[in-house]
Every structure is written in structure tokens, then in C-alpha cells.
Amino acid sequence: LVVMRRPNVWLRGVLLLSALLFLIHAFVLTWLAPRYVMRTIERLVGGKMSIGGVRVSFPLTTTLTGLRSVHHNPESTFSIQRTVIQPQWLSVASRTLWVETLVIERPVLRLARTKGGAMLWPRLPRPDSTEDGQRLVAPPPIPSARPLWQVHIGSVRIVDGSVVFMDETPSPPFSCVLDHLSVVLGPVTIPTS
């Protein structure tokens, strides 16, 4: 006598639920989170930096590739080939983000001095200035308003960076390159209030 048993319904339900959770996780990490991170960073830098790509991997390690100044030219530019942000903790109650490590790979800063003596610096995003460089005056803080976010960075690593300087004032022009620069520093606290 052979007895045929039907597979357990609860086992099939657990497998389906696991597959659904995996698909939701994959959707959030591969589609939703990168778009949110890109929009947030573009808003923070005021459209003065462009981002080639964003990748978010478990547990929320964010990799940015192809960051560069939008207003670049042969005399002045700023670019970062790759940035890796490894978060450690996020507290919504205290509005604080702890970043374990911030790795900046192959940044390039190029600046020049023209024959007229004007320094050409890359136009980097600054929250306290307008497009034409005039300083903005922040309104007085509202006492009941919640403080802005703070960022604590455990260590910053700059790997294989370059600084290029071209001085057209002397005759003949002077060119200098500081290449393969690596720096490690930390901890760093950035209050954004």
C-alpha cells in the first residue's frame, strides 16, 4: 500500500513569502534607493555637480561614480571617479547620520591663473552662495524648528588624487601636477545647522 501525501500548504506559503521579500529587497536596492540618493545629492549640490551612476548594496553601502563639476572647462574642473559611503547608524530622532567610512577614489582638482592674474577655480557647490557668487544671508533660526541633519564621519580616505595647476602669468607658463595623493583623516563632524 502506497500512501501519497500532499505537500504542506504552509511550506509553500513560506517559500512564496520569502521569494516576495527577496524581490522587494532587490527592487528597493537596485531601482528605488539609487534614484532617491541621486535626487537627494543633486538637490544638496544645487545642480552644480553631475553624477554618472549610483549603486546601493546591502547594508546601504552607497557607491557614486562619475561625479564632476557641471561648469568644467580645460582650465578649471573638479571630478571624482568613485565615492563609497559606508553608513554605520542613522537616528531620525536626533537627525544624525553616522558614516563609518567615506572613500573618495581618484579625485582631480584642476585650476589655473590667467595671464591677467585671475584665478580660475572650479565652481563647486556652496550652500551659502548664489550662482553669481554673492553670499546669501541666512534668516534667523526659528526656535521651534527642528535642527537640520548632522553627519559624523569616522574616517575619510582620499585615494590616488591629483591636483593640476597651470600658471599662464610667467613666461614661459608654469605647469604643476601633484599626482597619486592619498590622505586618511577622521573622525569628522559636519553640522548642517
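Please read these numbers as outputs of a predicted model, since none were measured by experiment.
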Nearest heavy-atom contact between S76 and P122 is CB-N, 3.7 Å

With clusters defined by side-chain heavy atoms of hydrophobic residues (ILVMFWY) lying less than 4.5 Å apart, directly or transitively, does [Y] cluster with [X]?
X	Y	result
L102	V159	no
V163	M166	no
V84	I51	no
V103	W98	no
V99	V156	yes

Nearest 0.5 angstrom please: [X] [atom1] to [Y] [atom2], how far?
X	Y	atom1	atom2	value
S155	E100	OG	CD	7.5 Å
I80	I104	CD1	CD1	5.0 Å
F174	T169	CZ	OG1	12.0 Å
H72	K48	NE2	NZ	16.0 Å

TODO: Could you go through the side chain to side chain contact (heavy atoms under 4.5 Å, CB included) check for D160 and E105 one step at a time?
DONE: CA-CA 6 Å; D160 201 15; E105 296 179 3; over 6 Å; no

Partners of [X] by side-chain hydrogen bond (donor to acceptor under 3.5 Å, both in side chains), sequence neighbours excluded?
X	value
Q81	R106
E75	none
T77	none

side-chain contact (heavy atoms from CB on, under 4.5 Å) partners of [X], counting only residues at least two apart:
X	answer
M119	L111, R113, W121, F165
S57	R55, T61
V108	S79, S162
V184	R157

Quiz item: Which residues pass the salt bridge (charged side-chain N to carboxylate O under 4.0 Å, His left out) test with R68, sequence neighbours left out?
Solution: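 None.
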
**Item:** R110 side chain to P74 backbone, donor-acceptor under 3.5 Å
**Value:** yes

Excluding V164, membership of its hydrophobic cluster (Ile, Leu, Val, Met, Phe, Trp, Tyr; side-chain heavy atoms within less than 4.5 Å) reads V177

Starting from V70, walk the hydrophobic network (Ile, Leu, Val, Met, Phe, Trp, Tyr; side-chain heavy atoms closer than 4.5 Å) and list everyone else you reach, by chain and number.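 Listed partners: none, V70 stands alone.
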
Item to complete: Output, in order, the C-alpha distance, side-chain angles, deciding distance and verdict of side chain to side chain contact (heavy atoms under 4.5 Å, CB included) for T114 and L120.
Response: CA-CA 7 Å; T114 64; L120 300 176; 3.6 Å; yes

Is the closest side-chain heavy-atom distance between V54 and T62 below 4.5 Å?
->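 Side-chain contact under 4.5 Å: yes.
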
Check: L64 and I85 side chains under 4.5 Å, non-hydrogen atoms:
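They are in side-chain contact.
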
Report, one line per pair, each donor and acceptor closer than 3.5 Å where one atom sits in a side chain of residues 16-36; sequence neighbours left out.
residue: S18; atom: OG; partner: V14; partner atom: O; Å: 2.9
residue: T30; atom: OG1; partner: A26; partner atom: O; Å: 2.5
residue: R35; atom: NH1; partner: W31; partner atom: O; Å: 3.1

Applied to residues 168-180, the salt bridge (Lys or Arg N to Asp or Glu O under 4.0 Å) test, sequence neighbours excluded, yields none

- Task: Show the numbers, then the answer: is there a side chain to side chain contact (heavy atoms under 4.5 Å, CB included) between W89 and H152?
- Result: CA-CA 10 Å; W89 184 256; H152 296 276; over 6 Å; no

